[in-house]
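Since we're looking at a predicted model, the values are computed, not measured.
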Amino acid sequence: MKIGIDYSAAISKQRSGIGNYVFNLVSGIRKFDNINEYFLFVNAKLSFDVGFNFKIYQKTGLARCFKRLDVFHGPDFKLIFTQSRRKVVTIHDLASHFNDDFMSINFQELTKKKIRNSARKSDLIITPSNTVKSQLEEFYPETIGKIHTVYHGISDNIKTVNETEQIRKTLKKYKINQPYLLFVGNIENRKNILNLLNAFRELINERKTGHQLVLVGKPGWGFDKICMKAKELNLPNKICFIGWADENELSALYSAADVFVYPSWYEGFGFPILEAMKCKLPVVVSDIPTHREIASDAASFVVPDNPSMIAEAIYSLISNRSRCDLLISRGLERVKFFTWEKTAKETLKIYSSLLC
């Protein structure tokens, strides 16, 4: 087969969610598929070999190339061209359909348009969870029967760090003092950071914990309001926004934290939950369908609009070593289910099924 993949989201060095998915999907395919021929399309002016049967091309002006493809995969909501014989698209979430404050109005409408077009034009659709699959079928009944759930994997580069020097350097770089609580993800409204901040204030003022709150991630929609809220809490040196961190630093940050907190209003999958589990960190997450599906019994679940409940769940882990150990043990078992090799092989089966 000649298979085209839109690789644009993976080009950035500071990859997050979708970029990590595209990068690791292609990396996983490269490890075992030496038969099919792959064409990776990007926005950048690149044209070079990246391995056996893999080439990168600039998207612009390659319509003739697309016509020669057996399968084209749009892994970022959209199909950039539709001239290939068969078309697959990955729809990661339907956040744009659930809340007007998760993103700007313009981006919300753009995302909805991508999903509508992809639902209509694709031959098969990949979703990262059964939750998203069900939501997509509800909003777009025409997709029933052509959606496949393929779970994401967890990077091999995310792992427990036992070297105290690596941890020391990372914490020193970002001026972090132990003990601390950790959040990883875009700093945006959808992640429910405002209620996390309120919960943290309660821990400091009422529970008298000595923790910092460390938030790792790039600014997103609502970042200014989140920063303003952090200042209003008047907790000097207690709240640290450190921006994006690479996988080595992330591993150290996960490994040295006391509790990972991820109280999102909505998720399509939730990479950081599994990353934290892999690094032996107990996890507190919002009680939403995707988190129940992905985390199973390996997390402590909280109502996302209840800061006191979030604070209580965090405190119960800080103060109860046996509860932490139980969640850590369950988490280590849970993450074994999610591998990029499995993701890549299941995705290749979907490509192949279109030409049977």
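In this structure, the side chains of Lys78 and Asp76 come closer than 4.5 Å at one or more pairs of heavy atoms. Counting heavy atoms from C-beta on, the side chains of Asn306 and Ile310 never come closer than 4.5 Å. Residues Phe77 and Asp93 have side chains in contact (heavy-atom distance under 4.5 Å, counting atoms from C-beta outward). Considering only heavy atoms from C-beta on, Arg190 stays 4.5 Å or farther from Trp221 through its side chain.
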For residues 228-240, which side-chain N or O atoms pair as donor and acceptor with protein atoms under 3.5 Å away, sequence neighbours left out?
| unit_1 | atom_1 | unit_2 | atom_2 | d |
| --- | --- | --- | --- | --- |
| Lys229 | NZ | Asn198 | OD1 | 3.0 |
| Lys238 | NZ | Gly210 | O | 3.2 |

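By the side chain to side chain contact (heavy atoms under 4.5 Å, CB included) test, Lys113 pairs with Arg116, Asn117, sequence neighbours left out. Applying the side chain to side chain contact (heavy atoms under 4.5 Å, CB included) rule to Asn130 yields the partners Lys133, Thr149, Tyr151, Glu293; only residues at least two apart in sequence or on another chain are considered. Listed by chain and residue number, Val284, Ala313, Arg323, Leu327 satisfy the side chain to side chain contact (heavy atoms under 4.5 Å, CB included) test with Ser300 (two or more places apart in sequence, or in another chain). Not a single salt bridge (Lys or Arg N to Asp or Glu O under 4.0 Å) links Glu109 to another residue, sequence neighbours left out. Taking Phe269 as the reference, His152, Phe271, Phe338 meet the ring-ring contact (aromatic ring centres under 6.0 Å, His included) condition, with sequence neighbours excluded. Judged as a ring-ring contact (aromatic ring centres under 6.0 Å, His included), and not counting sequence neighbours, the contacts of Phe98 are Phe139, Tyr266. Considering only residues two or more places apart in sequence or on other chains, Asn186 meets the side chain to side chain contact (heavy atoms under 4.5 Å, CB included) condition with Ser16, Glu188, Lys218.
The side-chain hydrogen bond (donor to acceptor under 3.5 Å, both in side chains) analysis of residues 250-263, with sequence neighbours excluded, yields the pairs Lys191-Tyr262, His211-Asp258, Tyr254-Glu275, Tyr262-Glu267. Legend: side-chain hydrogen bond (donor to acceptor under 3.5 Å, both in side chains) pairs involving residues 324-339, not counting sequence neighbours, sorted by first then second residue: Arg321-Asp325, Glu333-Lys336. Under the salt bridge (Lys or Arg N to Asp or Glu O under 4.0 Å) criterion, no residue pair touches residues 9-29, with sequence neighbours excluded.
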Test Arg85 against Asp70 for salt bridge (charged side-chain N to carboxylate O under 4.0 Å, His left out), laying out the working first. CA-CA 5 Å; Arg85 289 176 60 191; Asp70 296 306; 3.1 Å; yes
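Counted by atom type alone, Ser8 and Asp6 present one or more donor-acceptor pairs between their side chains at under 3.5 Å. Of the N and O atoms on the side chains of Asp33 and Tyr38, at least one donor lies less than 3.5 Å from an acceptor on the other residue.
No more than 12 heavy atoms of other residues, nucleotides or ligands shown are found within 6.0 angstrom of NZ on Lys280.
Under a 3.5 Å cut-off, the side chain of Ser84 and the backbone N or O of Lys87 do not form any donor-acceptor pair.
Residue Leu332 belongs to a hydrophobic cluster whose other members are Ile328, with links defined by side-chain heavy atoms closer than 4.5 Å.
For Tyr351 and His73, the ring centers sit closer than 6.0 Å to each other.
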